[in-house]
J.: 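Okay, handing you the structure first.
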Amino acid sequence: LIELQVVTAHVAWQFLISNSFPPFPQIYQERFEGPFLIATADYYAIEGNQKIEVLEVECLAKTADSEYTHSSLSKLQKVPEYLQHVEGRLREEEERVGLYLSAATRQALLSGVQTHLIRPHVTTLLTRGLPHLVDTVRVADLSRAYALLGLVHALPDLAHNFLAHIKVNLSLSLSLSLSLSLSLSL
């Protein structure tokens with residue numbers, strides 16, 4: 001239904017353009033832009049929830065020797081895929097503005113995508129994906145996460161989770177070093 005509304009809005013706009021009707025700003029805003037932004041927001045809210053649900057199904061599990069299990073690794077790989085997906089959607093909407101929409105629609109459209117694909121999923125992305133990205137030194141994916149989280153003002157959340165992960169790993173490393181040195185001295 002949402003996709004049909006988006007397609008219908010697109011066809012109507014193409015009809016106006018192809019029949020040389022000037023796009024009157026008031027008509028554009030009232031009859032097209034508002035419904036288009038609402039339909040787009042609904043679409044991305046559903047899409048974001050469906051895609052992120054895969055990440056929330058299973059908590060990260062590490063085996064006793066701190067290696068990621070196969071099933072948890074497949075879930076971890078979904079976070080970079082999701083981030084790439086969001087980046088792609090933002091690019092698509094940017095192109096759509098250039099091709100079909102008024103430049104005045106750009107900010108509201110991109111804000112809607114960010115609001116529905118990033119903001120509600122910050123915690124999941126950070127708790128399910130950040131540790132793996134840091135542990136495996138995935139610089140490109142960490143850069144992507146930084147850029148996308150910055151769009152929704154979630155960099156303090158990123159910093160907090162990053163520092164918490166470092167503290168846990170540092171504490172674990174110190175504990176292991178201390179245990180090893182004690183056992184060697186005995």
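Please read these numbers as outputs of a predicted model, since none were measured by experiment.
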J.: Holding to salt bridge (Lys or Arg N to Asp or Glu O under 4.0 Å), I want the full list of residues that pass it with E47, two or more places apart in sequence or in another chain.
T.: R89
J.: How many angstroms lie between atom OG1 of T136 and atom CG of L133, to the nearest 0.5 angstrom?
T.: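 Taking OG1 in T136 and CG in L133, the distance rounds to 6.0 Å.
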J.: Would you call L125 and L148 a side-chain contact if the rule is heavy atoms closer than 4.5 Å?
T.: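 No, side chains not in contact.
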J.: Looking at side-chain heavy atoms only, is the closest gap between N49 and H121 below 4.5 Å?
T.: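 They are in side-chain contact.
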J.: Name all pairs fulfilling the side chain to side chain donor-acceptor pair (under 3.5 Å) condition that reach into residues 154-164, sequence neighbours left out, sorted by first residue then second.
T.: none
J.: Answer yes or no: is there a donor N or O on one side and an acceptor on the other, between the side chain of Y44 and the main chain of Q114, under 3.5 Å?
T.: no
J.: Between L90 and L151, is a side chain to side chain contact (heavy atoms under 4.5 Å, CB included) present by the stated rule, with each step listed?
T.: CA-CA 11 Å; L90 288 167; L151 294 173; 3.8 Å; yes
J.: In chain order, what residues pass the side chain to side chain contact (heavy atoms under 4.5 Å, CB included) check against V137, with sequence neighbours excluded?
T.: V139
J.: Once you round to the nearest 0.5 Å, how far does CD of Q84 lie from CZ of R91?
T.: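 CZ of R91 is found 9.0 Å from CD of Q84.
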J.: Side chains of L126 and L158, heavy atoms from C-beta outward: is any pair under 4.5 Å?
T.: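 SC-SC contact between L126 and L158 confirmed.
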J.: Quick one: does H116's side chain get under 4.5 Å of D42's, heavy atoms only?
T.: no
J.: Say you draw a straight line from CG of D141 to CG of L130; how long is it, rounded to the nearest 0.5 Å?
T.: 11.5 Å
J.: R96: what forms a salt bridge (Lys or Arg N to Asp or Glu O under 4.0 Å) with it, not counting sequence neighbours?
T.: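 In terms of salt bridge (Lys or Arg N to Asp or Glu O under 4.0 Å), with neighbours along the sequence ignored, R96 is linked to E93.
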J.: Taking the side chain as everything from C-beta on, heavy atoms only, tell me whether L117 gets closer than 4.5 Å to I52.
T.: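 A side-chain contact under 4.5 Å is absent here.
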J.: Output side-chain donor-acceptor pairs under 3.5 Å for residues 106-113, partner residues at least two apart or in another chain, one line each.
T.:
residue	atom	partner	partner atom	Å
R106	NE	E94	OE2	2.6
R106	NH2	E94	OE1	3.1

J.: Report whether Y43 and I38 are members of the same hydrophobic cluster (ILVMFWY, side-chain heavy atoms less than 4.5 Å apart, transitive linking).
T.: no
J.: If we only count heavy atoms from C-beta on, is the P80 to R138 side-chain gap below 4.5 Å?
T.: yes
J.: Anything under 30° is parallel, anything over 60° is perpendicular, the rest tilted; go ahead and classify F32 against F36.
T.: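 Correct class here is parallel.
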J.: Give the minimum heavy-atom separation between S102 and V97, together with the two atoms involved.
T.: O-CG1, 3.9 Å
J.: Membership question, hydrophobic clusters at under 4.5 Å side-chain separation (ILVMFWY): are L142 and I166 in the same one?
T.: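 Shared cluster, yes.
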J.: Suppose we screen for salt bridge (Lys or Arg N to Asp or Glu O under 4.0 Å). Which residues come up paired with E87, at least two apart in sequence or across chains?
T.: R144
